[in-house]
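The next block holds one structure in the form of structure tokens; read it before the comments.
Residue numbers begin at 1 in each chain, while the letters A, B, ... track the order of the sequences.
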Amino acid sequence: MPSFQTSPGTRDILPPQAGRWRAFSTVFADVVESAGYQCVIPPMFEELGVFLRLGDATDVVTKEMYDFEDKGGRHIALRPEHTAGICRAFAQHRPATPWKVWYSGSNFRYEKAQAGRYRQFDQVGIEVLGASDPLLDVEVIALGWQFFAALGLRSVELMVNSLGDPGDRAAYIDALRSYLTSQSGQLSEEARATLERNPLRVLDSKRPQDASVIAGAPTIDAYLSNDAREHFASVIAGLDALGIPYRVNTGLVRGLDYYQRTVFEFVATALDNAQTAVGGGGRYDGLVEDLGGPATAGVGFALGVDRTLLACDSEDVFAGESPLVDVFVVDVIDGMTALTLCDAVRAAGYTADRAFDGRSMKSQMKSADRCGASIAVIIGADEASAGTCTVRDLSTSEQTVVQQSELIQHLTLVLGARTPRRNTQ
RNA sequence: GUGGUCGUAGCUCAGCCCGGUUAGAGCGCUAGGUUGUGGCCCUAGAGGUCGGGGGUUCAAGUCCCCUCGAUCACCCCA
């Protein structure tokens, strides 16, 4: 047993999985940068107050915050999500609007880990601040949709709903509370507890016992203001115009309190674990103002990297790829020729690896094979004295002998030309 | 925070029910078979406080208690 291992809810992302994570971010950046979004990197921790606007009835705030007092006596919290910090940054720096940004990074929530849920978890996402156009909601949703498609996922379902404006929402919650209270005898014990804290979230219950009560509950659409209703209608019209399939789910309630009007969620139906929501978002028009900034509209989404990759696994798409090695240099003299040849080969734009610690030729050839190299360049006694090297094609086993000084030229013949690495010498 | 399942070699696991020489297998790793050549095959080797602590016993990987960790689910959420 080693002295230390990862803390609960955290884990090491090792190769080749780590390479897959990096590729994931790259695909995401490609998709959203095509729509004018720019990368933003907020701090991993903020003053606790920044995050309290997520909702004082939410678990994220009441029991999952990773907070502590720093040496200066400040009450600090590790970010449980990105949106609040980005709104704080907007209020602090006041960039020109609309401010369209994307991010990729870790969040922290003190929860018990299970499949697709960790204490340190990664999200990618986008936020747009300073525009209230419903067609912007459509753009945001569409980019999420297109990203899943870019990964190759097919079994992703989009659910949309409108929570109305704050007044609509309050009126609806009142109506919902009285309905649920009147039916509480039929609700599960857990649902009754949830009803006390936040009636909206009862709608999220997956317990069969609660299904009939939920089915008969009043729905939000009857409580929407005219403005909110028109806004939602435009969102729906935009999704139709883009041909993006969706399901209006009046029971869709997001976990954070700052959402109003449009909310949406991406569900991976191919996942067989409990966490099938791979992403979600919505509009949060009051959040910047709550954080002391100007009244500013906002909309965005966050996608869970772990869960999305689990969905990729279950659909057998977006597998990780190990980096390719073009050339493996086998040097059984003293390794010095391998050192200089690798350097030259890499400078010419090819990938090159070699063995260390003076191992046998057989052992070095095994290493060449294992790393998937296309070509082995062999330096034995004969080659060393003649200034040549033997170039072996590892798939066909054909060998040719060339001057070491002509190796790069030879590689361009068999592997094609490459863009030379930027010279740092 | 609550509950189920599980911790034995680097990895995947057998052995535990029914306690009894020196704890096994496959894969991986290292070396050799092949004195200059990978994959396939054969042989050998290295690698273990049986998660940790306590208890029962002549004797514990095996039975009991505690604890830590993992995993899945609930709650909630990405």
Side-chain angles (χ1 to χ4, degrees), chain A residues 1-11 14 54-55 57-64 79-83 105-125 144 188-194 197-198 200-202 204-207 253-256 265-268 271-281 301-311 328 330-333 355 357 359-384 389-399 401:
Chain A
M1 258 308 135
S3 301
F4 298 105
Q5 35 186 325
T6 48
S7 295
T10 69
R11 70 257 194 257
L14 303 174
L54 309 183
T58 63
D59 280 12
V60 170
V61 167
T62 55
K63 59 179 202 189
E64 296 172 1
R79 64 182 177 212
E81 52 115 47
H82 275 69
T83 305
S106 294
N107 301 312
F108 305 85
R109 292 182 196 174
Y110 196 89
E111 299 184 275
K112 204 159 173 181
Q114 67 187 76
R117 192 172 70 184
Y118 300 93
R119 288 184 176 176
Q120 177 178 345
F121 65 101
D122 273 51
Q123 290 182 326
V124 297
S188 65
E189 194 179 324
E190 294 88 343
R192 284 200 296 275
T194 307
R197 298 198 308 277
N198 193 330
L200 276 183
R201 232 152 266 133
V202 175
D204 258 348
S205 169
K206 294 166 203 151
R207 286 170 290 271
V253 186
R254 303 280 308 146
L256 303 172
E265 203 162 280
F266 297 101
V267 176
L271 283 177
D272 57 3
N273 50 345
Q275 275 72 35
T276 56
V278 291
F301 67 66
L303 312 179
V305 176
D306 298 284
R307 292 182 185 183
T308 303
L309 287 176
L310 285 176
F328 194 97
V330 172
D331 178 346
V332 292
I333 308 302
D357 294 334
R359 299 197 297 150
S360 68
M361 175 172 289
K362 175 170 177 158
S363 165
Q364 294 190 44
M365 286 299 293
K366 272 187 153 178
S367 299
D369 187 52
R370 260 198 307 271
C371 75
S374 326
I375 284 174
V377 171
I378 299 164
I379 312 296
D382 297 345
E383 291 88 345
C389 53
T390 296
V391 177
R392 180 182 179 91
D393 184 315
L394 288 173
S395 52
T396 66
S397 299
E398 287 171 13
Q399 298 195 167
V401 177

key: Rounded interatomic separation in angstrom, taking NZ from A:K112 and P from B:rU2   = 7 Å
request  = Report yes if some heavy atom in the side chain of A:P80 is under 4.5 Å from a heavy atom in the side chain of A:N107; otherwise report no.
outcome  = no
task = Please state the C1' separation for the pair B:rA78 and B:rG4 - nearest whole angstrom.
result = 25 Å
Any-strand Watson-Crick or G-U partner of B:rA70, both distances under 3.5 Å = B:rU5
note = Looking only at B:rA73, B:rC74, B:rG36, the nucleotide nearest the A:M361 side chain is B:rG36
query = B:rG1 C1' sits how many Å from A:Y110 OH, rounded?
reply = 10 Å
key: Distance between P atoms of B:rU57 and B:rG19 (Å, rounded)   = 16 Å
inquiry  = On RNA chain B, does the nearest nucleotide to A:E398 precede the nearest nucleotide to A:Q123 from the 5' side, or the other way round? Give the residue.
reply    = A:E398
message = For a quick check under 3.5 Å, do A:T10 and A:Q120 share a side-chain donor-acceptor pair by atom type?
response = no
ask   = Counting side-chain heavy atoms from C-beta on, which of B:rU71, B:rG38, B:rC77 comes nearest to A:R201?
value = B:rC77
query = Distance between the P atoms of B:rC27 and B:rC68, in whole angstroms?
reply = 39 Å
base_contact_polar (B:rC29 base, A:R370 side chain, donor-acceptor, <3.5 Å) = no
query = Got a donor-acceptor pair under 3.5 Å from the side chain of A:E111 to the base of B:rA78?
reply = yes
request  = Would you kindly give the CG-to-P distance between A:D331 and B:rG38, to the nearest whole Å?
outcome  = 17 Å
task = Return the value, rounded to whole Å, for the distance between atom CG of A:D393 and atom P of B:rU37.
result = 19 Å
Listed nucleotide nearest any side-chain atom of A:K366, set B:rA78, B:rU37, B:rG39 = B:rG39
task = Counting heavy atoms from C-beta on, name the nucleotide in B:rC76, B:rU71, B:rG39 closest to the side chain of A:A113.
result = B:rU71
task = Consider the side chain of A:Q114, meaning its heavy atoms from C-beta on, and name the nucleotide among B:rC76, B:rC74, B:rG32 that approaches it most closely.
result = B:rC74
inquiry  = Ignoring hydrogens and geometry beyond distance, is a side-chain donor-acceptor pair present between A:Q114 and A:Q275 at under 3.5 Å?
reply    = yes
ask   = Nearest-Å distance, CG (A:N273) to P (B:rC76)?
value = 18 Å
request  = Can you figure out which of B:rA78, B:rC72, B:rG39 approaches the side chain of A:S397 most closely?
outcome  = B:rG39
query = If you check the A:S360 side chain, which of B:rG69, B:rG32, B:rA73 turns out closest?
reply = B:rG32
query = Mind checking the C1' distance from B:rG7 to B:rG53? Whole angstroms is fine.
reply = 15 Å
key: Complement of B:rC29, any strand, by Watson-Crick or G-U distances under 3.5 angstrom   = B:rG45
query = Touch check for A:G116, heavy atoms < 4.0 angstrom, all strands: base, sugar-phosphate only, or nothing?
reply = base
task = To the nearest Å, give me how far apart CG (A:L394) and C1' (B:rG39) are.
result = 10 Å
key: Rounded C1' spacing from B:rG61 to B:rG52 in Å   = 14 Å
ask   = Does A:Q364 make a side-chain donor-acceptor contact with the base of B:rU37, cut-off 3.5 Å?
value = no
query = Base, sugar-phosphate alone, or nothing: which one does A:G280 contact when heavy atoms must sit under 4.0 Å apart?
reply = nothing
message = Tell me whether the side-chain N or O atoms of A:R109 pair up with the base of B:rC77 as donor and acceptor below 3.5 Å, since no angle test is needed here.
response = no
task = For A:R119 and for A:A115, find the nucleotide of RNA chain B with the closest heavy atom, then tell me which residue's nucleotide is more 5'.
result = A:A115
query = Would you say the side-chain atoms of A:E111 pair up with the backbone N or O of A:E64, donor to acceptor, closer than 3.5 Å?
reply = no
ask   = When you compare B:rU37 with B:rA44, how far apart are their C1' atoms, in angstrom units rounded to a whole number?
value = 22 Å
ask   = How close or far is atom C1' of B:rC77 from atom CZ of A:F266, stated in whole angstroms?
value = 17 Å
ask   = Can you check whether A:L394 reaches A:D369 side chain to side chain, under 4.5 Å on heavy atoms?
value = no
query = Contact class for A:Q275 vs. all strands (heavy atom < 4.0 Å): base, sugar-phosphate, or nothing?
reply = base
note = From the candidates B:rG36, B:rU30, B:rC77, the one with an atom nearest any side-chain atom of A:R359 is B:rU30
query = Any donor-acceptor pair under 3.5 Å linking the side chain of A:R109 with the backbone of A:R119?
reply = no
inquiry  = What contact category does A:A368 fall into here, base, sugar-phosphate, or nothing, at under 4.0 angstrom with non-hydrogen atoms?
reply    = nothing
task = Pick the P atom in B:rA9 and in B:rU5, then give their distance to the nearest Å.
result = 22 Å
inquiry  = Could you tell me the Watson-Crick or G-U partner of B:rA14, where both distances fall under 3.5 Å? Say none if there is no partner.
reply    = none
note = The reported gap from OG1 in A:T396 to CD1 in A:I375 (rounded to nearest 0.5 angstrom) is 9.0 Å
query = With no angle test and no hydrogens, is the base of B:rG36 tied to the side chain of A:E383 by a donor-acceptor pair under 3.5 Å?
reply = yes
ask   = In whole angstrom, what separates A:Y118's OH from B:rG69's P?
value = 17 Å
request  = Report yes if a side-chain nitrogen or oxygen of A:S363 is closer than 4.0 Å to either non-bridging phosphate oxygen (OP1 or OP2) of B:rA31; otherwise report no.
outcome  = yes
request  = Ignoring the backbone of A:M365, work out which of B:rA78, B:rG38, B:rG69 is nearest its side chain.
outcome  = B:rG38
Counter-base of B:rG39, judged by Watson-Crick or G-U geometry with both distances under 3.5 Å = none
ask   = Just by distance, do the side chain of A:R307 and the backbone of A:G116 share a donor-acceptor pair under 3.5 Å?
value = yes
key: A:I378 and A:Q399, any side-chain heavy atoms less than 4.5 Å apart   = yes
query = How far does the P atom of B:rU43 sit from the matching atom of B:rA25, given to the nearest Å?
reply = 13 Å
query = If we call it a pair only when both distances are under 3.5 Å in a Watson-Crick or G-U wobble match, what pairs with B:rG19?
reply = none
